[in-house]
Amino acid sequence: MHDMPYRSFEGQNCSIARALEVLGERWTLLVLREVLLGRRRFEELRRNTGVATNILTDRLATLVEHGVLERRGEEYLPTRKAIDANPVLVALMQWGDAHAAPGGPPRVLVHSRCEHDAEPALHCAHCAQEIRPGELRVRPGPGANERQSREPLLPVRG
């Protein structure tokens, strides 16, 4: 498999595109996974991801530059931005468990308060009900451009 050529998402008024500018490279989320699991030193990160040294150096520099990680001496520490990316990792893990782990999940999430297996889900901030596939729609937000502001309430196909 070859690395895809880099193409900027400049000109797209999209939070997903902006997030991918920082987190979307193929090794970045694996590095972030390791840091959030408590592995903070360069050699630990390299050993646990299998990433080449030059690529890891670049990914760490990008994460530090964007305030996702903070470098303190020999360690890379997660910032609020890193912690806020945890649901992204959980969603990818759940997708991988369901669609790319024929032998079953290699790791299982555990709720730290009750110590039981967890299956995190989306919930509505208003009514607290679980949101299932097909129950989301998208409307223009405060950062919408003129074209987006004219679009109707759009369904998220599920």
Side chain to side chain contact (heavy atoms under 4.5 Å, CB included) between L29 and L23, worked out: CA-CA 6 Å; L29 290 176; L23 301 175; 4.2 Å; yes
Point-to-point distance, once rounded to the nearest 0.5 Å, from CG of L63 to CG of L69: 4.5 Å
Close side-chain approach of L109 to M93, heavy-atom, < 4.5 Å: yes
Same cluster (ILVMFWY, side-chain, under 4.5 Å), V90 and I83: no
Carboxylate-amine/guanidinium proximity below 4.0 Å for R71 and E75: no
Close side-chain approach of E25 to R59, heavy-atom, < 4.5 Å: yes
L36-L45 co-clustered via ILVMFWY side chain contacts under 4.5 Å: yes
Carboxylate-amine/guanidinium contact E34 R39, below 4.0 Å: yes
H99 side chain vs D97 backbone, donor-acceptor pair below 3.5 Å: no
Same apolar cluster (I L V M F W Y, side chains within < 4.5 Å links), L37/V35: no
Inter-residue atom distance F9.CZ - E21.CD, 0.5 Å rounding: 6.0 Å
Student check: side-chain heavy atoms of N13 and R147 closer than 4.5 Å: no
Side chain to side chain donor-acceptor pair (under 3.5 Å): pairs with one or both residues in residues 77-89, sequence neighbours excluded: R80-D84
Flag if over 12 foreign heavy atoms under 6.0 Å of CD, E146: no
Salt bridge (Lys or Arg N to Asp or Glu O under 4.0 Å) partners of residues 116-138, not counting sequence neighbours, each pair once: none
Student check: side-chain heavy atoms of V31 and Y76 closer than 4.5 Å: no
T49 versus V51, closest heavy-atom pair with distance: OG1-CG1, 3.0 Å
Atom pair CD1 (I55) and CG (L60), whose distance is rounded to the nearest 0.5 Å: 12.0 Å
Side-chain (H116) to main-chain (C114) donor-acceptor, under 3.5 angstrom: yes
Smallest separation among heavy atoms of P140 and A144, with atom names: CB-CB, 4.0 Å
Exceeds 12 heavy-atom contacts within 6.0 angstrom, atom CZ of R47: yes
Validation row: L56, W27 side chains within 4.5 angstrom (heavy atoms): no
Nearest atoms (heavy-atom pairs only) where P78 meets A82: CB-CB, 3.7 Å
salt_bridge(R40, E44) N-O dist < 4.0 Å: no
NZ/NE/NH1/NH2 to OD/OE distance under 4.0 Å, R46 and E43: yes
Steps toward side chain to side chain contact (heavy atoms under 4.5 Å, CB included) verdict (T28, T62): CA-CA 9 Å; T28 301; T62 298; over 6 Å; no
